[in-house]
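One structure is given below, encoded as structure tokens.
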Amino acid sequence: MSKKTRGIHHISAIVGHPQENVDFYAGVLGLRLVKQTVNFDDPGTYHLYFGDEGGHPGTIITFFPWAGARQGVIGDGQVGVTSYVIPEGALVFWENRLKKYNVPFTKSQRFGEDHLTFDDPHGLHLEIVERVGGEKDNWEFGGITADVAIRGFGGATLLSKQPEKTAELLEKVMGLEKVGEEGDIVRFRSSSDIGNVIDLKMTTNGSGLMGVGTVHHIAWRADNDQDQLEWKKHIEGFGYGVTPVQDRNYFNAIYFREHGEILFEIATDTPGFAHDETYETMGEKLMLPVKYEQYREQLERRLIPIQVRELDESRHQL
């Protein structure tokens with residue numbers, strides 16, 4: 001059985017204070033908060049989802065915010081950099097926007113593309129790249145118009161403890177195409193037009209430590225439940241241990257850790273984020289899975305209140 005992933009479904013990371021998280025990804029980057037829920041394995045903390053207007057696969061970054069938690073270390077066994085793609089001609093807008101909100105950045109070039117590289121408030125490494133591809137995001141917020149808005153993931157840079165093994169996995173198991181090499185980076189591409197470029201660093205730099213400012217896992221797309229079961233069988237056929245299917249309400253998930261110790265997930269595109277809210281109201285209130293609904297009052301008392309707000313240059317509410 002031959003399988004080829006269409007690309008990234010979502011990326012999940014650990015961050016600090018939830019309002020700081022919302023202010024940066026909604027207020028500065030202009031992403032839509034498409035879902036407020038809780039960590040299904042630890043319901044005393046949020047699980048927040050940000051993406052494009054419709055919350056489409058390939059645009060979603062998710063966060064487990066723990067205010068005051070231990071700072072992590074980005075290193076081998078993790079996603080090192082999360083990349084966002086913007087329309088061609090929008091890079092100057094984003095340079096000016098990052099300056100406006102006092103976000104330090106550097107400019108670099110890789111594989112002939114210009115990048116802006118910066119950190120979020122909790123240390124997560126991000127970059128913005130101009131590239132053709134992806135649907136225009138019509139979500140407009142805080143002075144960001146559809147002509148310059150982030151369209152979704154450009155991809156990610158993986159840091160592996162065994163880069164050769166991870167490269168083999170990406171190409172022979174996940175079905176990505178190797179498309180280039182530059183320095184110690186090998187580039188792979190999937191068939192999708194968003195969340196489709198994976199850069200793998202072929203040198204090691206020491207183990208990462210999970211905590212605030214690090215990516216917890218990267219999830220790849222499965223079309224539906226049947227496709228996901230095929231992926232499970234396919235991956236197990238290469239000797240990897242894969243978890244049973246887990247219901248995440250907005251998608252089903254399976255997990256496995258590859259030989260470079262990066263945690264991979266395969267997530268279904270269906271049912272999506274609007275099945276328990278309307279398209280127009282996604283992200284506006286706390287949504288709980290049925291098993292936690294009886295604890296809503298206690299959970300709402302425990303969770304730190306958050307709001308999506310427009311910011312001034314000092315990131316204070318207008």
Side-chain angles (χ1 to χ4, degrees), residues 1-14 39-41 57-58 60-62 64 72 74-83 153 155-179 185-192 195-210 214-248 250-270:
M1 180 175 62
S2 178
K3 298 286 286 180
K4 292 187 177 183
T5 181
R6 289 203 286 154
I8 299 170
H9 183 282
H10 68 268
I11 290 173
S12 293
I14 300 168
N39 182 337
F40 289 5
D41 302 318
I60 298 293
I61 191 164
T62 94
F64 305 113
I74 297 173
D76 299 338
Q78 299 177 357
V79 172
V81 183
T82 299
S83 176
F153 291 127
T157 300
L158 305 185
L159 308 179
S160 171
K161 291 187 176 182
Q162 297 190 69
E164 296 290 345
K165 293 280 191 181
T166 302
E168 184 178 15
L169 167 79
L170 292 174
E171 195 167 13
K172 295 184 178 180
V173 181
M174 304 304 295
L176 296 171
E177 180 187 2
K178 181 179 175 181
V179 294
I185 300 292
V186 176
R187 173 160 286 192
F188 299 86
R189 183 175 286 121
S190 73
S191 61
S192 179
N196 58 342
V197 174
I198 301 297
D199 286 344
L200 174 63
K201 189 173 172 61
M202 299 304 294
T203 54
T204 58
N205 295 92
S207 297
L209 176 65
M210 199 62 65
T214 64
V215 169
H216 185 268
H217 64 266
I218 181 170
W220 308 90
R221 295 175 65 178
D223 294 338
N224 50 40
D225 292 342
Q226 180 58 41
D227 188 37
Q228 184 181 66
L229 291 176
E230 291 175 6
W231 271 109
K232 179 173 167 59
K233 183 178 180 181
H234 173 70
I235 294 164
E236 288 172 338
F238 285 88
Y240 293 90
V242 183
T243 67
V245 174
Q246 299 184 38
D247 182 358
R248 299 309 191 190
Y250 310 106
F251 49 86
N252 284 333
I254 55 175
Y255 302 86
F256 69 101
R257 197 171 293 277
E258 54 85 44
H259 295 310
E261 299 195 13
I262 305 166
L263 182 58
F264 279 12
E265 175 184 343
I266 308 286
T268 56
D269 283 0
T270 54

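Heavy atoms only: backbone and side chains are in, while hydrogens, waters and symmetry mates are out.
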Closest heavy-atom pair, T204 versus S160, reported as atoms and distance to 0.1 Å, is CG2-O, 3.3 Å

Answer yes or no: does atom CD of E164 have more than 12 heavy-atom neighbours from other residues, nucleotides or ligands under 6.0 Å? no

Listed pairs under 3.5 Å, donor-acceptor, residues 4-14 side chains, sequence neighbours left out:
residue: T5; atom: OG1; partner: G7; partner atom: N; Å: 3.1
residue: T5; atom: OG1; partner: G7; partner atom: O; Å: 3.4
residue: R6; atom: NE; partner: D223; partner atom: OD1; Å: 3.2
residue: R6; atom: NH2; partner: D223; partner atom: OD1; Å: 3.0
residue: R6; atom: NH2; partner: D269; partner atom: OD2; Å: 2.8
residue: H9; atom: NE2; partner: T268; partner atom: O; Å: 3.1
residue: H10; atom: NE2; partner: H217; partner atom: NE2; Å: 3.4
residue: H10; atom: NE2; partner: E265; partner atom: OE1; Å: 3.2
residue: S12; atom: OG; partner: T62; partner atom: OG1; Å: 2.5
residue: S12; atom: OG; partner: H217; partner atom: NE2; Å: 3.3

Among pairs that include at least one residue of residues 252-261, which meet salt bridge (charged side-chain N to carboxylate O under 4.0 Å, His left out), considering only residues two or more places apart or in two chains? K161-E261

Please round to the nearest 0.5 Å and tell me the distance separating atom CD1 of I262 and atom OG1 of T166. 5.0 Å

With distance as the sole test, does D76 use its side chain to make a donor-acceptor pair with the main-chain N or O of G206 at under 3.5 Å? yes

With the side chain counted from C-beta on, respond yes when L209 and T214 share a heavy-atom pair under 4.5 Å apart, and no when they do not. no

Donor-acceptor contact below 3.5 Å, side chain K232 vs main chain T243: yes

Is the shortest heavy-atom distance from the side chain of D199 to the side chain of V197 under 4.5 Å? yes

How far apart are the closest heavy atoms of W231 and V173, and which atoms are they? CZ3-O, 3.6 Å

Counting distance only, does the side-chain N/O of N196 pair as donor-acceptor with the main-chain N or O of R189 below 3.5 Å? no

Which distance, rounded to the nearest 0.5 Å, do you find between the CG of N39 and the NE2 of H216? 8.5 Å

Checking W220, Y255, Y240 against F264 for ring pair (Phe, Tyr, Trp, His ring centres under 6.0 Å), the one that qualifies is W220

Non-hydrogen atoms of T82 and V79 that approach each other most closely: OG1-CG1, 4.1 Å

Between the OG atom in S207 and the CD1 atom in I74, the distance rounded to the nearest 0.5 Å is 14.0 Å

Test item: T157 side-chain N/O and G80 main-chain N/O as donor-acceptor pair under 3.5 Å: no

Evaluate side chain to side chain contact (heavy atoms under 4.5 Å, CB included) for K201 paired with I185, printing each intermediate quantity in order. CA-CA 5 Å; K201 189 173 172 61; I185 300 292; 3.9 Å; yes

Which atom of F256 lies closest to which atom of G241, heavy atoms considered: CB-O, 3.2 Å

Please find the pair of heavy atoms, one from P163 and one from L200, that lie closest to each other, and give the distance. O-CD2, 3.5 Å

Note, V186 side chain near L170 side chain (heavy atom, < 4.5 Å): no

What closest approach, in Å, do I266 and A222 show between heavy atoms, and which atom pair accounts for it? CG2-CB, 3.7 Å

Which value, rounded to the nearest 0.5 Å, describes the distance between Q228 atom CD and T270 atom OG1? 8.5 Å

Is K3 salt-bridged to D227, going by a charged N under 4.0 Å from an acidic O? yes

